[in-house]
Engineer: 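Sharing a structure with you now.
Side-chain atoms are counted along with the backbone in the values below, which use heavy atoms only and exclude waters and symmetry mates. Residue numbers start from 1 in every chain, and the chains themselves are labelled A, B, ... in the order their sequence lines are given, proteins ahead of strands. Since we're looking at a predicted model, the values are computed, not measured.
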Amino acid sequence: MSPLVIYNTLTRRKETFVPLVPGRAGIYVCGPTVYDFIHVGNARTFAVFDLVVRWLRASGYEVTYVRNITDVDDKILDRARSRGEPIGAFTERTVAAFVEDCARLNLLVPDSEPRATRYIGPMLELIERLESKGLAYRGANGDVFFSVHDFPGYGKLSRKNLADLRAGERVAVEAAKRDPLDFVLWKAAKPGEPSWPSAFGAGRPGWHIECSAMSGRELGATFDIHGGGWDLQFPHHENEIAQSEGANAKPFVNYWMHAAFLNMGDEKMSKSLGNFFTAREVLDRLDPVQGGEQLRFFLLRGHYRSELAFTPELLDDAGNALRGLYTALREVPAAQAPVDWSHPLAARFRDAMNDDFDTPVAFAALHELRAEVNRTRSGALAGLLRALGGTIGFLQRDPEAFLKGGVTLDVDALVAERAAAKKAKDYARADAIRAQLDASGIVLEDKPGGATEWRKK
RNA sequence: GGCGGGGUGGCAGAGUGGUUAUGCAGCGGCCUGCAAAGCCGUGUACAGCGGUUCGAUUCCGCUCCCUGCCUCCA
C-alpha cells in the first residue's frame with residue numbers, strides 16, 4: 001500500500017508524511033479575516049484543506065484540525081466604522097455568515113476555531129519572548145517590530161533572500177523600523193480602535209503574530225501540517241516561521257501546504273478588480289439541494305496545486321459529472337459496507353489520494369466505478385462507490401432526493417397524467433406533458449415496467 | 001530586477017520514456033412508441049526548434065507565449 005505523500009512547500013518536493021506522533025496529525029489552516037463574506041476563491045482553499053483532513057481521517061489518523069478566525073484587523077475596523085457598527089457586533093455577523101457558508105459547502109467543523117481577539121495573552125507572551133531574545137524591538141512610534149535580520153532562516157519558505165527583498169521593496173518605508181523588511185508584532189493603540197493593555201503599552205496585535213500564537217497554543221510549538229492559500233507563503237507564513245521558531249527555538253511546521261488560486265476566467269480574482277463572486281452568491285444561483293456539493297465538486301476536481309478557472313460553464317460541467325455519479329447510485333441501491341480496499345478501483349483511488357491528494361485521478365477511479373456499477377448493477381459496487389466518495393465528503397445524499405433537486409412543481413401529478421395518456425396511446429398528449437416539464441427543467445426517464453423517474457436537468 | 005508556476009484532444013483535467021487517463025460536450029449503434037438514463041463504439045492531444053535514446057508528450061537545451069509572488073490578499 002502506498003504511503004501518503006505530501007508536497008511540502010518548504011522543500012519543494014513530495015515527501016512521505018511522517019507525523020510527529022504516530023497515528024496522529026495536527027493541522028492548522030489560516031482561516032478568514034472576517035471583514036466580508038468569503039468569495040469562491042476562499043472557498044476553494046477551505047474545501048482543499050477539508051479534503052486533506054477527511055483523507056487523513058479516512059486513512060486512520062486521529063486529526064486535530066484547527067482553523068483560525070482573524071477578527072481584529074485594519075479592514076475589519078474600516079468596515080465596522082463605515083457601517084457605524086460596533087466591531088464586536090460586526091464580526092459576530094460575519095463569523096456567523098462564514099459558518100453558514102461552510103455548512104452549505106459541507107465543510108467539516110474544525111476541532112478548534114480560535115479567534116484572534118481571544119488569544120491576545122498568548123500573542124503578548126510570544127512577543128515578550130521575542131524581545132527577550134533580541135528578535136523584537138520597540139519603535140519610536142510605539143509599535144513593536146520583528147527584527148528580520150536577526151533571524152537567520154528568514155526567507156527559507158518563500159526562497160527569498162533579504163538582499164533581493166530589499167531591492168524589490170516597493171512600499172514607503174515606515175520610519176520607525178530599523179529595516180524596511182521588519183514587520184509589526186504589536187501596533188500601538190490609536191483613538192477609536194480596539195486595544196488591549198500590555199507591557200508594550202496599549203495596542204493590538206499584528207496579523208502574523210496571531211497565527212503563531214494560536215497555532216502554538218492549539219497544536220504546540222511544532223506541529224505536522226500548516227495550510228493556507230498560495231499567496232500566504234510570503235510574507236505571512238514566512239513571518240510565522242520567524243516568530244515561532246525565533247521564540248521557541250524549535251522547528252515550527254513539518255509540512256507546508258498551499259492551495260492554488262481560483263481565477264475568474266483567465267483573470268486573477270481580486271477585490272480591487274471587483275471580479276469575484278462570494279461563495280453564497282454562487283450557491284444562491286445553483287440548485288438549493290445540489291448546489292453545495294456541486295460547487296465543492298467543481299472546486300476539488302482539479303488538483304489543489306493547479307490554478308483553476310471559474311466560469312459558469314465549468315460549474316455546469318461539474319454538475320453534470322456529479323449527477324452522473326448520483327444517477328448510478330439511484331439505479332443501483334448501495335449496499336452498506338466499509339470500503340473494500342482490495343478492489344482495483346478502490347486501490348487506485350487510494351493511491352491517487354495518497355499521491356499528494358491527486359483528486360483528478362481519484363475521481364477518474366470513481367467514474368470508472370460508476371460505469372462498473374451501471375454494467376453489473378452490483379449493490380456491493382454501488383456501496384463501494386458511495387463509501388469511497390464518502391471518504392472525501394461526496395455522494396452521501398439520498399440519490400433520489402439529490403437528483404430531484406429543489407423542484408417545487410407538482411411533478412408527480414403531471415407524470416401520472418402522462419402515464420394515463422401513454423396507456424391510451426395518446427403519445428401527442430404524453431409528449432406535450434414531457435415538453436412542458438422539460439421547459440421547467442425537469443427530465444423524465446421511463447423505466448422498464450412502466451414506472452417513470454424524474455430529475456432536475 | 002529577484003524568485004516561482006504553466007503551455008495536453010471542442011472544453012476541463014491527470015499522467016507516463018514505448019500500452020485507454022477521466023469527465024463534459026459531439027458523433028454512430030443498442031434499448032425506447034419517441035425520448036431520457038444506461039451500455040457499446042468513436043476522436044492518431046501533448047507550444048515550436050534542436051539534443052539524448054532503439055524509441056519522448058514524458059529527460060536536457062534554446063525559443064515563443066501565458067501566469068503568480070516580491071504590498072493587504074485564499
Engineer: Determine, stepwise, if the pair Y326(A) / E293(A) fulfils side-chain hydrogen bond (donor to acceptor under 3.5 Å, both in side chains).
Structural biologist: CA-CA 11 Å; Y326(A) 267 111; E293(A) 189 164 351; 2.9 Å; yes
Engineer: Is R434(A) paired with D438(A) through a side-chain N to carboxylate O contact shorter than 4.0 Å?
Structural biologist: no
Engineer: Heavy atoms only, 4.0 Å cut-off, all strands: where does A321(A) land among base, sugar-phosphate and nothing?
Structural biologist: sugar-phosphate
Engineer: For rG18(B) versus rC31(B), give the span between their C1' atoms, rounded off to a whole number of Å.
Structural biologist: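 Those two atoms are separated by 40 Å.
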Engineer: By the 4.0 Å heavy-atom rule, please label K75(A) as base, sugar-phosphate, or nothing.
Structural biologist: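 Base, at least one base atom sits under 4.0 Å.
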Engineer: Does H39(A) reach the side chain of F37(A), with side-chain heavy atoms less than 4.5 Å apart?
Structural biologist: no
Engineer: Does anything in residues 36-56 of chain A reach RNA chain B, meaning a heavy atom under 4.0 Å, and if so which residues?
Structural biologist: H39(A), G41(A), N42(A), T45(A)
Engineer: Rounded to the Å, how far apart are L162(A) CG and rC3(B) C1'?
Structural biologist: 14 Å
Engineer: Give me the ring orientation class for F394(A) and F363(A): parallel if the planes are under 30° apart, tilted from 30 to 60°, perpendicular past 60°.
Structural biologist: perpendicular
Engineer: Can you tell me whether the side chain of D431(A) and the base of rG33(B) have a donor-acceptor pair closer than 3.5 Å?
Structural biologist: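 Flag set: donor-acceptor pair detected.
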Engineer: Measure centre to centre between the rings of F223(A) and F252(A), then say whether the value is under 6.0 Å.
Structural biologist: yes
Engineer: Centre-to-centre under 6.0 Å for H226(A) and Y255(A), is that the case here?
Structural biologist: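 No, too far apart.
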Engineer: Can you name the one residue among I241(A), L162(A), N161(A) that meets side chain to side chain contact (heavy atoms under 4.5 Å, CB included) with Y154(A)?
Structural biologist: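 In the set I241(A), L162(A), N161(A), the residue that makes a side chain to side chain contact (heavy atoms under 4.5 Å, CB included) with Y154(A) is L162(A).
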Engineer: In whole Å, measure the gap between the C1' atoms of rA14(B) and rG7(B) for me.
Structural biologist: 15 Å
Engineer: Rounding to an integer number of angstrom, what distance separates rA56(B) and rC46(B) when you compare their P atoms?
Structural biologist: 14 Å
Engineer: Could you tell me which non-hydrogen atom of H367(A) sits nearest to which non-hydrogen atom of L325(A), and how far apart they are?
Structural biologist: CD2-CD2, 3.7 Å
Engineer: Do you know which two heavy atoms are closest between A309(A) and G265(A), and how far apart they sit?
Structural biologist: CB-O, 3.3 Å
Engineer: Got a salt bridge between K457(A) and D316(A), using NZ or NE/NH1/NH2 to carboxylate O under 4.0 Å?
Structural biologist: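 Answer for the salt bridge query: no.
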Engineer: Evaluate the ring planes of F151(A) and F146(A), with Trp represented by its six-membered ring, and classify them as parallel (under 30°), tilted (30 to 60°) or perpendicular (over 60°).
Structural biologist: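 F151(A) vs F146(A) ring planes: perpendicular.
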Engineer: I need a per-nucleotide contact map over nucleotides 14-19 of chain B, read 5' to 3'. Cutoff is protein heavy atoms under 4.0 Å; write B for the base, S for backbone only, - otherwise.
Structural biologist: SS----
Engineer: Between residues 97-105 of chain A and RNA chain B, which residues have a heavy-atom gap below 4.0 Å?
Structural biologist: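 None - not one residue of the stretch has a heavy atom sitting under 4.0 Å from the strand.
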Engineer: In whole angstrom, give the distance that lies between atom CG of N263(A) and atom P of rA74(B).
Structural biologist: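 N263(A) atom CG is separated from rA74(B) atom P by 15 Å.
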Engineer: On a whole-Å scale, what distance lies between the P atoms belonging to rC64(B) and rG48(B)?
Structural biologist: 16 Å
Engineer: Between rG50(B) and rG10(B), how far apart are the P atoms? Round to whole Å, please.
Structural biologist: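 Going atom to atom, P in each nucleotide, I get 24 Å.
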Engineer: With heavy atoms under 4.0 Å as the rule, sort Y427(A) into base, sugar-phosphate or nothing.
Structural biologist: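 The residue Y427(A) makes base contact.
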Engineer: Please work out the stems of RNA chain B from pairs that are Watson-Crick or G-U wobble with both distances under 3.5 Å, keeping only runs of three or more consecutive pairs.
Structural biologist: B:1-7 with B:64-70, B:10-12 with B:22-24, B:26-30 with B:38-42, B:47-51 with B:59-63
Engineer: Given the side-chain rings of F298(A) and F310(A), with only the six-membered ring counted for Trp, is the space between their centroids under 6.0 Å?
Structural biologist: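 That pair passes the under 6.0 Å test.
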Engineer: Between rC70(B) and rA37(B), how many Å separate the two P atoms, rounded to a whole number?
Structural biologist: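 To the nearest whole Å, 47 Å.
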Engineer: What string of B, S and - do you get for nucleotides 35-41 of chain B, 5' to 3', if B is base contact, S is sugar-phosphate-only contact and - is no contact with any protein heavy atom under 4.0 Å?
Structural biologist: BBSSSS-
Engineer: Looking at rA74(B), rG33(B), rC70(B), which one has an atom nearest to any side-chain atom of K422(A)?
Structural biologist: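 So the side chain of K422(A) is nearest to rG33(B).
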Engineer: Please determine if K404(A) and E453(A) form a salt bridge, counting it only when a charged side-chain N lies under 4.0 Å from a carboxylate O.
Structural biologist: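 Salt bridge between K404(A) and E453(A), a charged N being under 4.0 Å from a carboxylate O: no.
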Engineer: For the P atoms, the ones on rC24(B) and on rC39(B), what distance do you get once it is rounded to whole angstrom?
Structural biologist: 9 Å
Engineer: Not counting sequence neighbours, list each pair that qualifies as a side-chain hydrogen bond (donor to acceptor under 3.5 Å, both in side chains) and has a residue in residues 227-236 of chain A.
Structural biologist: H236(A)-E240(A)
